[in-house]
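In what follows, a structure is listed as C-alpha cells, so that the remarks can point back to it.
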Amino acid sequence: MEFDFKTIEEKWQKVWKDDLTYKSAVDPSRPKYYCLEMFPYPSGRIHMGHVRNYTIGDVIARYKTMQGYNVLHPMGFDAFGQPAENAAIKNQSDPEEWTLKCVDWMKKEMLRMGFSYDWDREVSTCLPDYYKWNQWIFLKMMEKGLAYKKASYVNWCPSCATTLANEEVIQGGCWRCHTTVVEKELEQWYLKITAYSDRLLDDLGSLKNWPQAVLTMQKNWLGKSYGVEIYFKLENGQLLRVFTTRPDTIFGATYVVLAPEHACVKELVRGKPQEKEVLDFIEEVSQESRMERVAGDVKKKGCFTGAFAINPVNSEKISIWLADYVLMEYGTGAIMAVPTHDQRDFLFAKEHGLPMRIVIQSQAAGYQSPEDLSEAYEGEGVLVNSGGFDGLPNEEAKQRIASWMEEGLIGKSCVHWRLRDWLISRQRYWGTPIPVIYCDKCGVVGVPYEDLPVRLPKNVEISGEGGSPLAKVREFVETKCPKCKKPARRETDTMATFIDSSWYFLRFCSPGAGTEPFDKAEAKYWMPVDQYIGGIEHAVLHLLYSRFFTKFLSDIGLVGFNEPFDKLLTQGMVLKDGEVMSKSRGNIVDPDGIIKDYGADTLRLFILFAAPPEAELDWNDKGIDGAWRFLSRVWRLVSALPAHDRSALPEEHTEGLRVVMEKMHETIKKVTQDMEGGFKFNTAISGIIELVNELYKLSPQEQKYQAAVEAIETAVLLLAPFVPHLCEEMWQMLGRKESVFRSRWPKYDEKYLFKKDVEYVIQVNGKVRSKIIVDIHAVQDDIKKAALADIKTREWIAGAIPKKVIVVMNKLVSIVV
RNA sequence: GCCGGGAUGAUGAAAUUGGCAAACAUAACGGACUUAAAAUCCGUCGGCCGCAAGGCCUUGAGGGUUCAAGUCCCUCUCCCGGCACCA
C-alpha cells in the first residue's frame, strides 16, 4: 500500500493556508526565532539549488516552532534586475508585468514544496512600496555624505551596457554574463562603504557562527594593510607620496614608478623629449582591458618620464617611470621600486636595465651582489647598505624606520585598504530610480522625502543600447527643482539591485510600514536574523553590503545592533555527475518533474539525507527511490494501526518492546543533538530510519501495543520538520486533532538510556583482542581485574606481566605487555 | 603566489571530537513470496590468507607523538573555492 502523496500534499497545503499555520506576530512572552533564506530573483522556475536552500530553512523553522519558539519565516522576491529587461527586448514585454508573472509562478512552486512561509509578509523589491525606502535610505546617506557622485575609472560591462561594482567583477568578468570587464571614465554615484572599513573588519570577530570561509573572504576583500607613505621630492618642489608596506627596504629604492593615470604625470613630462612617448604609452595602457592589465606575469610594460625624484632617506636622485602594473586605485598610485626585494620590481628592472642594490642580507639565501639574484629575495633578513639601520632584523627595522621617518617629517605610518567605495548607479531601466534632481542654479538636489517614491515610468523604450533608458523619457527627466522651483532634470540612472537586498530582512519585520522603512519596535523584537541560509557566492557581495547597511542604519538610530545575521549557513551546490547543473551542459534535474513523480516530501527527504547541508550534493536518481521506500515503510506502520483511542491499546511488555523504548529515547536524544549541533540533517534522518527499522523487527502484533505506538508517534514527530505533509496526515491518522506543528518536540527520558551493563573493549598492545561485559557500577580496579581474568585476553598476554593497564571508563581497557 | 576548505568501501556518506573505521542509505549479489514481473521481506557486501575458528592489512603518500590517530604535529601530492602585478 502506498501513500497518495498528491492528495495528501494538496490537502495539507490548503489546511496550512486556511488555518494561517505559519502566521507570525510579535509576542514578547515567547522567545523569538528569525529564520531566513536568501530570497530569490524571480526567474519563474525554482531549481534544485532553491529547493535545497529553502528546504534547509524550512526544516529549521519547523523544528524551532516545535521547540516552542515564536518563529518568523518570511519570503519575498529580489525582483529588480536585468533579466526582466532582456525579456522586454526579446518579447516586447513590460518588465513589471513579466516580473510579477514570474513571481507568481515561482510562488506557486514554493507552495508546492510545502515551505512554511508567512506569506502575509511577502515583499517584492520592484514595487514602489518597497523601493521608495531604497530612495529614503539613499537620501539619508546623502545627508551624511555617504552617497556622493564622482568622476572616476569604473568597471564597465560592454554586454550589459552598464557599470559594475568591484564586488561584481569576478575574475575580470561580469558576475552576471562573464563578459570581460573594461575600464571607462565616468561620473557615477557611490556609497561610501570605505567609511565603515574598520568596523566591517573588526566586527567579523563577533560573527562566531559564520563559516570560516566567508569570514576569510571578507577579510581579504577588505584587505587592510599597514605601511608607510613616504614623501619623495620632485624637481618642481612638489612632494610625491609613495605607499609601501616595506619601509625596511627604502634604502634599496632605485627608481619610482607611477600609475599611468597618476595626476602629476602630464605636468612632469611637459616639454621633455620623452613627452610624446609617455603620452602614447598612457594611451596604449588605457586601451587595455582590466583583464589584460592585471594578467599574471606578463612582461612589465613601462616607460621613462625623463623626470627624477629625491629619495628622502639618502637624498639620492632616482628616475621616475610609468608602468601598467602600478594601479591608480590602490595606495597612492605611486610606488618606490626595490628590485632586489620585490619580484615585480625585479622583472621591471631587468626589462629596462635599471640599477639594483641589496639592502636585506640573509645567510640562508646566500647571495652577495645583485648579479647573484635570479629573482627578488622577499624573505626575512638583516639590513645592509641602509645607513644607520644596518644590522637590524628587517621586521624590527620596519618599525624603527617608520618612526624615524615620522620624526623627520619625510613619511607617515598609514593604513591602506583594498576595499573601494561602492559604485551603485546603473545605466538600466529595471531598478530603483536614484532620487536626485540636477538644477543649473542649486546643483545636485535630493528629492524631498515627501515626494517619494520617485516612480519608474511605464512604457519606456528599452533597447539595451545607447545609455540609460530613462534619459529618453521626457516626462520623467523634466521636472522642477525642489529648492528654487525652476526647471531641472532628474537623474536617469537606477540603483544597483544589491541595494534592494541590503535591508530586505528588516522590511520583513513589518512589511506594511509606511512612515519609515520598517517599524523600529517590530525590528527590535525580531532582529537580528537568528539563522540565515544561502549560497557562498554572496560572501563578498550581499553579505558585505548588508553588514554595511545595518551599520549605517544603526548610526542613524533605526536599529540597535551592528550585525544583521547571527548565524550563517552556506549550503553546498547541487551537482549532477560531479558538475554544476546548467542549461549549457544540459544536465538539469527539474524539481517539478520530481515533485510530480514522488511528491515534495520525498524530494525534501532525499535532498536532506544525501549530504550534510554545507557539502556539495551530487544528484542521484536512485537515491530518491530510497527516500520514497523509507517514507512508505513509515506509512505502512501507521496505516496498519486501527483508528484508535490510545488508552484502549493493550499495554504489554515484551523484550522487543523494551528494545524499542530504549531505541526511541536514544533516537530523540540523537536527533535533537544533531539539530542543535549544527543542523546535521543527514545523520538525524539516519537516526529516525534506525528507529523505524527497530519497529519493523517487532511482530505485527507487538506493533499494535501501546509502547510501539508511542514510538511510532515519536518517529512521526521527529520526522515532521523534514517531511511535513505526510507527517501531518499520519498525525491525524494517529487520532490527533491539531497540526503536528502545534505539538511539542519530544523529550527523552534518561532512565531509558541507563544501561545495567557496559561492554568494554580490551586492547592488548593497541589491538582489540576481546570484549567483556561489566556492571555499570564497577570501579576501575574491578574492571581491570575482569579484563585480566578474561580467557581470550590471557591467551594474548601469554603469561607476560603487563607493563601498563589503562582503563577508560565506559569504553575500554588497554593493556601493554 | 597568498588565503580558505577537502581527500574514508562500487557510490552518497558516518565515526560521542584521541578510544571497536565504514552507522544509515544507494548499487550489486543470493534467497523467500509470485505462473511471471514489480513491490515487499530476509541475508551477504573494504582487501588479502584460511574449509573453518581465526589472523593480517586498510581512512591521498611518507614520517612523528601516544597504551591508542581518520581525528593531533611535521613534510609532500592531488582536488575544489576565493583573492591576485594590492606595492
Side-chain angles (χ1 to χ4, degrees), chain A residues 1-2 170-172 211-221 223 225 227-228 242-246 249 257 259 293-298 300-301 323-327 329-338 341-345 347-348 378 416-419 536-537 539-540 572-573 578 606 609-612 614-627 629-630 632-633 636 669-670 673 677 680 682-690 692-693 696 759-771 802-817:
Chain A
M1 184 173 45
E2 281 179 352
I170 311 291
Q171 298 194 329
Q212 188 56 45
V214 176
L215 294 175
T216 313
M217 275 189 238
Q218 290 213 357
K219 185 169 174 250
N220 291 344
W221 188 261
S225 62
V228 181
V242 155
F243 177 69
T244 183
T245 54
R246 294 293 305 271
T249 64
V257 192
R293 181 148 168 198
V294 298
D297 24 58
V298 288
K300 300 275 177 278
K301 271 199 287 196
D324 61 348
Y325 75 88
V326 175
L327 307 173
E329 316 93 80
Y330 188 78
T332 59
I335 63 158
M336 61 174 204
V338 184
H341 305 297
D342 181 288
Q343 184 60 15
R344 292 156 303 177
D345 297 344
L347 293 173
F348 189 84
E378 294 177 339
H416 275 281
W417 298 82
R418 218 189 69 101
L419 181 73
I536 199 164
E537 66 273 16
V540 285
M573 284 198 290
F606 167 68
F609 180 59
E614 298 83 359
E616 284 180 343
L617 185 154
D618 208 349
W619 182 265
N620 178 342
D621 289 327
K622 285 293 171 13
I624 196 139
D625 286 327
R629 270 198 289 270
F630 168 64
S632 302
R633 272 161 74 82
R636 281 199 300 272
K669 185 176 182 183
K670 183 201 165 43
Q673 277 175 354
K680 296 181 200 150
N682 53 333
T683 51
I685 292 167
S686 78
I688 304 170
I689 294 175
E690 284 184 54
V692 170
N693 288 349
Y696 262 86
E759 188 187 64
Y760 278 81
V761 166
I762 302 175
Q763 295 185 346
V764 179
N765 287 339
K767 283 191 197 290
V768 178
R769 294 305 183 189
S770 184
K771 287 168 192 180
K803 267 195 253 169
K804 212 171 181 182
V805 179
I806 296 154
V807 178
V808 182
M809 289 311 282
N810 296 322
K811 281 198 180 105
L812 56 71
V813 182
S814 184
I815 301 165
V816 191
V817 294

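Note that the structure is a prediction, hence the values are computed from the model and not measured.
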On a heavy-atom basis, which atom in A/E378 and which in A/H341 lie closest, and how many Å separate them? CG-O, 3.5 Å
Between B/rU71 and B/rU65, how far is it from one C1' atom to the other, in whole Å? 14 Å
Does a side-chain N or O of A/R344 approach OP1 or OP2 of B/rC86 to a distance below 4.0 Å, or not? yes
Looking only at side-chain atoms of A/W221, point me to the closest of B/rG12, B/rC57, B/rC83. B/rC83
Using a 4.5 Å cut-off on heavy atoms from C-beta on, say whether the side chain of A/F630 contacts that of A/F606. no
May I ask you to say what A/N693 touches in the nucleic acid, namely base, sugar-phosphate or nothing, with a heavy-atom cut-off under 4.0 Å? sugar-phosphate
Would you call A/D345 and A/I335 a side-chain contact if the rule is heavy atoms closer than 4.5 Å? yes
Scan every strand shown for a Watson-Crick or G-U wobble partner of B/rU26, both distances under 3.5 Å, and answer none if you come up empty. B/rA10
Let's see if you can work this out: which of B/rG4, B/rA13, B/rA87 has an atom nearest to the side-chain heavy atoms of A/T216? B/rG4
Is the distance from OP1 or OP2 of B/rC41 to the nearest side-chain N or O of A/R633 less than 4.0 Å? yes
Assign B/rU77 to syn or anti; the rule is syn for a glycosidic angle within 90° of 0 and anti otherwise. anti
Separation of A/Q218 atom CD from B/rC83 atom P, in whole Å? 12 Å
Just checking, is any N or O donor in the side chain of A/R633 or A/N693 under 3.5 Å from an acceptor N or O on the other one? yes
Passes ring pair (Phe, Tyr, Trp, His ring centres under 6.0 Å), A/Y325 versus A/F348? Steps please. CA-CA 10 Å; A/Y325 75 88; A/F348 189 84; 5.8 Å; yes
Write down the distance separating the C1' atoms in B/rG46 and B/rU11, rounded off to the nearest Å. 13 Å
In whole angstrom, what separates A/E614's CD from B/rA13's P? 12 Å
Starting from the 5' end of RNA chain B, give me the residue, A/I170 or A/G331, whose nearest nucleotide shows up first. A/I170
Check the phosphate of B/rA39 against A/R636, side-chain N and O only, distance under 4.0 Å to OP1 or OP2. Yes or no? no
Under a 3.5 Å limit for both distances, which nucleotide forms a Watson-Crick or G-U wobble pair with B/rG60, could you say? B/rC76
Tell me the partner of B/rA32, counting only Watson-Crick (N1-N3 plus N6-O4 or O6-N4) or G-U wobble (N1-O2 and O6-N3) with both under 3.5 Å; none if nothing fits. B/rU40
On RNA chain B, compare the nucleotides closest to A/E616 and A/T332; which residue's is nearer the 5' end? A/E616
When the P atoms of B/rU77 and B/rG62 are considered, how many whole Å apart are they? 15 Å
Taking the C1' atom of each, how far is B/rA10 from B/rU44, in whole Å? 15 Å
Can you tell me the pairing partner of B/rG18 across any strand shown, Watson-Crick or G-U wobble, with both distances under 3.5 angstrom? none
Roughly, in whole Å, what's the span from CG in A/L347 to P in B/rA87? 17 Å
Using Watson-Crick or G-U wobble geometry with both distances under 3.5 Å, which nucleotide pairs with B/rG50? none
Figure out the CZ/C1' separation between A/R246 and B/rC86, and round it to whole Å. 15 Å
Interatomic distance at P, B/rU66 relative to B/rA61, whole Å: 23 Å
Could you tell me which non-hydrogen atom of A/N810 sits nearest to which non-hydrogen atom of A/Y760, and how far apart they are? N-OH, 2.8 Å
Classify the ring geometry between A/Y330 and A/H416 as parallel (under 30°), tilted (30 to 60°) or perpendicular (over 60°). tilted
Which parts of nucleotides 15-23 of chain B does protein reach within less than 4.0 Å, heavy atoms only, written one letter per nucleotide 5' to 3' as B for base, S for sugar-phosphate only and - for none? -B--BB--B
Could you identify the nucleotide paired to B/rU71, looking across every strand shown and requiring Watson-Crick or G-U wobble geometry with both distances under 3.5 Å? none
Taking 4.0 Å as the cut-off, does a side-chain nitrogen or oxygen of A/R769 come that near to OP1 or OP2 on B/rC56? yes
How would you label the glycosidic angle of B/rG46: syn (within 90° of 0) or anti? anti
Measure CG/A/D625 against P/B/rA27 and give the value in whole Å, please. 7 Å
B/rA87, B/rU26, B/rC24: which one has an atom nearest the side-chain heavy atoms of A/I689? B/rC24
Given side chains that start at C-beta, do those of A/N765 and A/V816 come closer than 4.5 Å, heavy atoms only? yes
Report which part of the nucleic acid A/G626 touches: base, sugar-phosphate, or nothing (heavy-atom distance under 4.0 Å, all strands). sugar-phosphate
Minimum-distance nucleotide to A/D324 side chain [options: B/rA87, B/rA27, B/rC85]: B/rC85
pair_partner(B/rC45), Watson-Crick or wobble, both distances < 3.5 Å, evaluates to none
OP1 or OP2 of B/rC67 sitting under 4.0 Å from any side-chain N/O of A/K804? yes
What is the distance from OH of A/Y696 to P of B/rC24, rounded to the nearest Å? 17 Å
For the pair A/D342 (side chain) and A/A337 (backbone), establish whether a donor and an acceptor sit closer than 3.5 Å, ignoring hydrogens and angles. no
Taking 4.0 Å as the cut-off, does a side-chain nitrogen or oxygen of A/R629 come that near to OP1 or OP2 on B/rU26? yes
A/I685 CD1 to B/rA13 C1', straight-line distance once rounded to whole Å: 13 Å
Re B/rU65: Watson-Crick or G-U wobble partner, both distances kept under 3.5 Å, found to be none
Using a 4.0 Å heavy-atom cut-off, does A/P211 contact any base of the nucleic acid, only the sugar-phosphate backbone, or nothing at all? nothing
For atom P, what is the distance between B/rU58 and B/rG70, given to the nearest Å? 10 Å
